[in-house]
Amino acid sequence: MKIQVLGCCQGKLPGYYTTAFLLNDHFLLDAGEIGELLRIEEQYNITDVLLTHAHLDHIVGLPFLGDIIFGRNQRSISIISIPEVIEALHQHVFNNQIWPDFTQLPAEGPPIFKLQSIPPEKTCSIGEFEVIPFPVCHTVPSVGYLISEKDVAFLYSGDTGNIQQLIQIINRTKHIKAMLIEISFPNRLKKLAEQTGHLIPASLNKLLSEVNRSIPLWLFHMKPQYMKEITEECREFQRQVRILRQGEILYLP
Ligand SMILES: [Zn+2]
Ligand SMILES: [Zn+2]
């Protein structure tokens, strides 16, 4: 499985983009950034977009993706998530006020986007992947995902403030080969992290001590203004972790 990091931060500064990963060159996991790194042909190649929640830093690439492929698409791109997220996109983004309703355009031929709801906790096949959404603890309806291709899987936390639930899933799912987990604030902003449903380095250190085997931990969703502090605090972990960077490509297994 190929995982290209299109964006892995929670804010924008030069060189820092918001959260999106491209799997096997065609499957987007969150859509906080698309156009900074993907050329036009690469954007035409996208078949599916799987979203964790409707916060702007996870969806803001979608309106511009629709605009790029408008008039060129031979097929619809599926945008997939839990019902609350799909409803929020319809009501608040593709509503002909903030942006055109790309589920109804163009008038002839397949629409740009097809919105698709999936139930939490159920396995769903999308192309070569099997995905299982699991609810996480955030300020709006949100899920993380267990994503598998054949016998290789990784856990994607989405935005969450609760590690115990992640630990349980990881410990009972033997074919997880990597953990992609959010980290947003440095330790001194613990209260703010709790209020906003996010994690700090100390929570991840605890996760590492309770996971029952050694699995690579890849971190994303850092607020760029705290990147230096977060990086320093993660250096104190007993185990090596990787703070992801925009543009890098990871392979599993
Ligand atoms: Zn969020
Ligand atoms: Zn976020």
Side-chain angles (χ1 to χ4, degrees), residues 3-23 28-34 36-37 49-62 81 85 133-147 154-167 169-170 178-208 215-235 237 241-250:
I3 305 172
Q4 183 177 1
V5 183
L6 302 184
C8 52
C9 285
Q10 202 206 352
K12 296 191 97 153
L13 281 174
Y16 294 94
Y17 310 136
T18 46
T19 298
F21 299 89
L22 186 65
L23 311 186
L28 259 185
L29 177 55
D30 278 331
E33 185 58 71
I34 299 172
E36 291 283 350
L37 291 179
V49 184
L50 185 66
L51 300 173
T52 54
H53 64 303
H55 273 160
L56 201 61
D57 59 317
H58 299 252
I59 65 161
V60 72
L62 287 176
S81 191
V85 175
F134 55 89
V136 292
C137 179
H138 196 39
T139 53
V140 293
S142 304
V143 288
Y145 288 103
L146 189 59
I147 300 185
F154 71 92
L155 176 121
Y156 181 64
S157 69
D159 287 9
T160 184
N162 182 353
I163 54 157
Q164 285 309 327
Q165 172 200 29
L166 302 180
I167 293 166
I169 297 172
I170 294 160
M179 313 179 272
L180 260 83
I181 297 187
E182 77 119 288
I183 187 165
S184 300
F185 291 95
N187 285 330
R188 70 184 167 86
L189 297 177
K190 180 171 187 266
K191 275 229 155 56
L192 207 52
E194 284 169 359
Q195 283 163 7
T196 54
H198 288 299
L199 298 176
I200 56 172
S203 1
L204 291 174
N205 210 8
K206 187 165 163 40
L207 175 136
L208 285 173
I215 312 170
L217 173 58
W218 298 336
L219 301 179
F220 72 97
H221 206 267
M222 298 69 66
K223 284 179 180 287
Q225 65 270 40
Y226 303 127
M227 184 65 95
K228 195 161 169 277
E229 271 180 273
I230 290 172
T231 306
E232 275 163 17
E233 289 173 356
C234 288
R235 266 200 208 109
F237 287 1
V241 301
R242 183 163 176 166
I243 294 180
L244 295 178
R245 291 280 181 267
Q246 283 73 202
E248 71 179 313
I249 296 176
L250 310 153

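Computed over heavy atoms, backbone and side chain alike; hydrogens, waters and symmetry mates excluded. Residue numbers start at 1 and run along the sequence shown.
Judged purely by atom type and a 3.5 angstrom limit, D57 has no side-chain atom pairing as donor or acceptor with the backbone of T18. Put simply, the side chain of Q246 gets close to the backbone of Y17: a donor and an acceptor are under 3.5 Å apart. In this structure, S203 contributes its side chain and L199 its backbone to no donor-acceptor pair below 3.5 Å. Panel note: side chain E33, backbone E36; a donor-acceptor pair is recorded below 3.5 Å. With E248 contributing its side chain and R245 its backbone, the two residues share a donor-acceptor pair below 3.5 Å. The backbone N or O of L51 sits less than 3.5 Å from a side-chain atom of Y145, completing a donor-acceptor pair. Using a distance-only test at 3.5 Å, with no hydrogens or angles considered, no donor-acceptor pair links the side chain of S142 to the main chain of H138.
Considering all non-hydrogen atoms of both residues, A20 and A31 come closest at CB-CA, 4.0 Å. Across all non-hydrogen atoms, the minimal contact from I200 to I183 is C-CD1, 3.9 Å. I59 and A54 get closest at one heavy-atom pair: CD1-O, 3.6 Å.
Between T52 and the choices T160, D30, D159, the side chain to side chain donor-acceptor pair (under 3.5 Å) rule is met once, by D30. The side chain to side chain donor-acceptor pair (under 3.5 Å) with Q10 is formed by just one residue from the set Q225, K223, H58; it is K223.
Side chains of E182 and S184: a donor on one and an acceptor on the other come within 3.5 Å.
Residues K228 and E233 are not paired through a salt bridge, judged by the lack of any N-O separation under 4.0 Å between the basic side chain and the carboxylate.
Using a 30° and 60° split on the angle between ring planes, Y226 and F185 fall in the tilted class, from 30° to 60°. Using a 30° and 60° split on the angle between ring planes, Y156 and F220 fall in the parallel class, below 30°.
Here NE2 of H221 is found 14.5 Å from CD1 of I243. Values are rounded to the nearest 0.5 Å. Put simply, CG on L62 and CG on L28 are 7.5 Å apart, with the number rounded to the nearest 0.5 Å. Atoms CE and CG, from M179 and L207 in turn, are 5.5 Å apart once rounded to the nearest 0.5 Å. In this structure, the separation between CD1 on I230 and CE on M222 is 7.0 Å, given to the nearest 0.5 Å. To the nearest 0.5 Å, atom CG of residue L155 and atom CG of residue L180 are 8.5 Å apart. In this structure, the separation between CG on L219 and SG on C8 is 10.0 Å, given to the nearest 0.5 Å.
Using a 4.5 Å heavy-atom threshold, the side chains of F21 and L244 count as touching. Inter-residue side-chain proximity for L189 and P186 is flagged as met; some heavy-atom pair is nearer than 4.5 Å. Between L250 and R242 there is a side-chain heavy-atom pair separated by less than 4.5 Å.
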Begin with the C-alpha distance, continue with both residues' side-chain angles, and end with the deciding distance and a verdict on side chain to side chain contact (heavy atoms under 4.5 Å, CB included) for V241 and L208.
CA-CA 10 Å; V241 301; L208 285 173; 3.9 Å; yes
Please assess L204 against F237 for the test side chain to side chain contact (heavy atoms under 4.5 Å, CB included), listing each intermediate value before the final yes or no.
CA-CA 9 Å; L204 291 174; F237 287 1; 4.0 Å; yes
Could you walk me through whether V143 and H53 pass side chain to side chain contact (heavy atoms under 4.5 Å, CB included), step by step?
CA-CA 7 Å; V143 288; H53 64 303; over 6 Å; no
Should N162 and V136 be marked as a side chain to side chain contact (heavy atoms under 4.5 Å, CB included) after you check the CA-CA gap, both sets of side-chain angles, and the distance that decides it?
CA-CA 7 Å; N162 182 353; V136 292; over 6 Å; no
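Atom NZ of K12 has more than 12 heavy atoms from other residues, nucleotides or ligands within 6.0 Å.
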